[in-house]
Amino acid sequence: MRKKALLLAAVLGLSLAGTTIAGETIEITNAWSRATPPGLDRGVGYLDIHNHGDAPVHLTGATTDVATKVGIHRSRETDGQTRMEAVEEGIRIPPGESATLAPMGYHLMLMGLEAPLKAGERIPLTLEFRDHEDVSTSLEVRSPGQDSRGMENSQ
Ligand SMILES: [Cu+2]
């Protein structure tokens with residue numbers, strides 16, 4: 001069943017090249033953010049990006065109404081300290097594969113928040129790709145004590 005759906009998407013992709021097939025090729029799941037305390041103007045964005053197409057897609061950036069800028073970052077642990085760095089080259093997702101943006105790895109950095117993010121809100125987000133049209137999604141804002149599976153996180 002799954003294979004048939006993918007084959008159909010591939011056929012549609014060929015026949016409708018250049019039109020709106022974003023929902024068929026790129027699938028976004030588990031898109032969430034974390035509530036922020038007053039005064040902090042930075043937030044995070046986490047999501048899984050699945051490439052169901054037959055060509056690579058390359059995430060180059062994102063935009064949202066609630067922040068002035070969105071960056072692609074990566075957190076790394078060096079000498080017992082967590083540091084994050086901007087990922088200027090973006091994230092390439094080969095056909096049939098997925099990219100995971102999650103705590104302690106790749107993430108979106110929402111910079112210049114206009115207001116604190118509140119648990120329960122949904123933040124609109126537009127993902128920008130090279131060689132693929134923009135994909136619109138939204139982030140579910142979770143309380144700071146929840147991790148990606150909605151369980152309590154000790155950090
Ligand atoms: Cu960051």
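Hydrogens, waters and symmetry mates are skipped; everything else that's a heavy atom, side chains included, is used. Ligands are counted one by one from 1 in listed order, and the atoms in each one are counted from 1 as well.
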TODO: Kindly indicate, with the supporting measurements, whether the criterion side-chain contact (heavy atoms from CB on, under 4.5 Å) is fulfilled by D131 and V57.
DONE: CA-CA 7 Å; D131 301 326; V57 294; over 6 Å; no
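When only modelled atom types and interatomic distance are considered, E85 and H73 share no side-chain donor-acceptor pair under 3.5 Å.
The backbone N or O of T78 lies less than 3.5 Å from no partner atom in the side chain of Q81, so there is not a single donor-acceptor pair. Under the 3.5 Å distance criterion, the side-chain polar atoms of T25 are left unmatched by any main-chain donor or acceptor of G53.
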Which donor-acceptor pairs under 3.5 Å do the side chains of residues 98-107 make with protein atoms, sequence neighbours left out?
unit_1, atom_1, unit_2, atom_2, d
S98, OG, H50, ND1, 2.7
Y106, OH, R74, NH1, 3.0
H107, ND1, G105, O, 3.1

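Listed by chain and residue number, the protein N/O/S atoms under 2.8 Å of the Cu ion (ligand 1) are H73 ND1, M84 SD, H107 NE2, M109 SD, with waters left out.
None of I49, L125, L139 except one satisfies the side-chain contact (heavy atoms from CB on, under 4.5 Å) rule with I28; the exception is I49.
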